[in-house]
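Just so you know, these numbers come straight off a predicted model, no measurement behind them.
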Amino acid sequence: MHELGIVFHILDAIEDVAKEQQLTKVSSVTIEVGEVSTVIPQYLVDCWQWACKKREGELMRDAELKYETIKAVTYCEDCGKTYETVKYAKICPHCGSEHTYLLEGNEVQIKEIEAL
């Protein structure tokens with residue numbers, strides 16, 4: 001389950017921001033999860049809740065994790081068009097080419113931190 005590793009990475013990043021910005025309490029964190037990232041959002045939430053309870057101090061205690069899905073988009077090198085990755089996979093629906101690559105939709109990133 002790589003979701004736990006992702007949660008630890010996010011928490012470490014938030015703690016760094018909290019020190020830099022002199023934050024005392026985080027109420028919520030919004031992350032963006034790509035639809036082909038292989039991250040299972042409910043596992044991420046479960047890991048988040050467990051990890052926040054285990055952290056020392058009050059900074060992350062009861063912090064809510066919110067997530068938004070980033071649609072996967074693929075680019076075709078032959079025709080120059082983009083398309084929905086999940087619907088069409090690697091084959092371009094416009095020209096039938098296999099010369100494609102993922103533009104977005106496999107990332108996991110922090111979008112917003114609500115804190116005091």
Over all heavy atoms of both residues, which pair between R55 and L11 is shortest? Give the atoms and the distance, please. NH2-CB, 3.0 Å
Is a side-chain donor or acceptor of E3 paired with a backbone partner of I40 at a separation under 3.5 angstrom? yes
Would you call T24 and E58 a side-chain contact if the rule is heavy atoms closer than 4.5 Å? no
From the list T74, T85, V73, side-chain contact (heavy atoms from CB on, under 4.5 Å) partner of L103 resolves to V73
Between the side chain of E107 and the main-chain N/O of G105, is any donor-acceptor distance below 3.5 Å? yes
Report yes or no: do V17 and L59 belong to one cluster of Ile/Leu/Val/Met/Phe/Trp/Tyr joined by side chain heavy-atom distances under 4.5 Å? yes
For the residue pair I6 and I31, establish whether any side-chain heavy-atom pair is separated by less than 4.5 Å. no
If you count the non-hydrogen atoms of other residues, nucleotides and ligands that lie under 6.0 Å from CD in E98, is the total more than 12? no
Closest non-hydrogen contact found for V26 with A63 is O-CB, 3.4 Å
Say you draw a straight line from OG of S28 to CD of E112; how long is it, rounded to the nearest 0.5 Å? 6.5 Å
Looking only at heavy atoms, which two atoms of E64 and W48 are closest? And how far apart? C-NE1, 3.8 Å
Residues R61 and G57: closest non-hydrogen pair is NH2-O, 3.1 Å
Using every non-hydrogen atom in the two residues, find where C76 and C95 come nearest and quote the distance to one decimal. SG-SG, 3.6 Å
Side chains of Q21 and I113, heavy atoms from C-beta outward: is any pair under 4.5 Å? no
Around atom NZ of K71, are there more than 12 heavy atoms of other residues, nucleotides or ligands at under 6.0 Å? no
Hey, any chance V39 and I14 share a hydrophobic cluster, counting ILVMFWY side chains that come within less than 4.5 Å of each other, even indirectly? yes
Using 0.5 Å steps for rounding, measure from the OH atom of Y43 to the NE2 atom of H2. 11.0 Å
Student check: side-chain heavy atoms of V108 and H9 closer than 4.5 Å: no
According to a 4.5 Å side-chain heavy-atom criterion applied to Ile, Leu, Val, Met, Phe, Trp and Tyr, with indirect links allowed, do V45 and V29 form part of one hydrophobic cluster? yes
Are L65 and I10 joined in one hydrophobic group, where the rule is that I, L, V, M, F, W and Y side chains link up if heavy atoms are under 4.5 Å apart? yes
So SG of C47 and CD of Q42: to nearest 0.5 Å the spacing works out to 10.0 Å
Heavy-atom pair with the smallest gap, counting every atom of H94 and T82: NE2-O, 3.3 Å
Are E104 and E32 packed together at the side-chain level, in the sense that at least one heavy-atom pair is separated by less than 4.5 angstrom? no
Are any of the side-chain heavy atoms of T100 and Y83 separated by less than 4.5 Å? yes
Using the rule that Ile, Leu, Val, Met, Phe, Trp and Tyr join whenever any side-chain heavy atoms are under 4.5 Å apart, tell me whether I110 and M60 fall into a single cluster. yes
Find the distance between OG1 (T30) and CD (Q109) and round it off to the nearest 0.5 Å. 12.0 Å
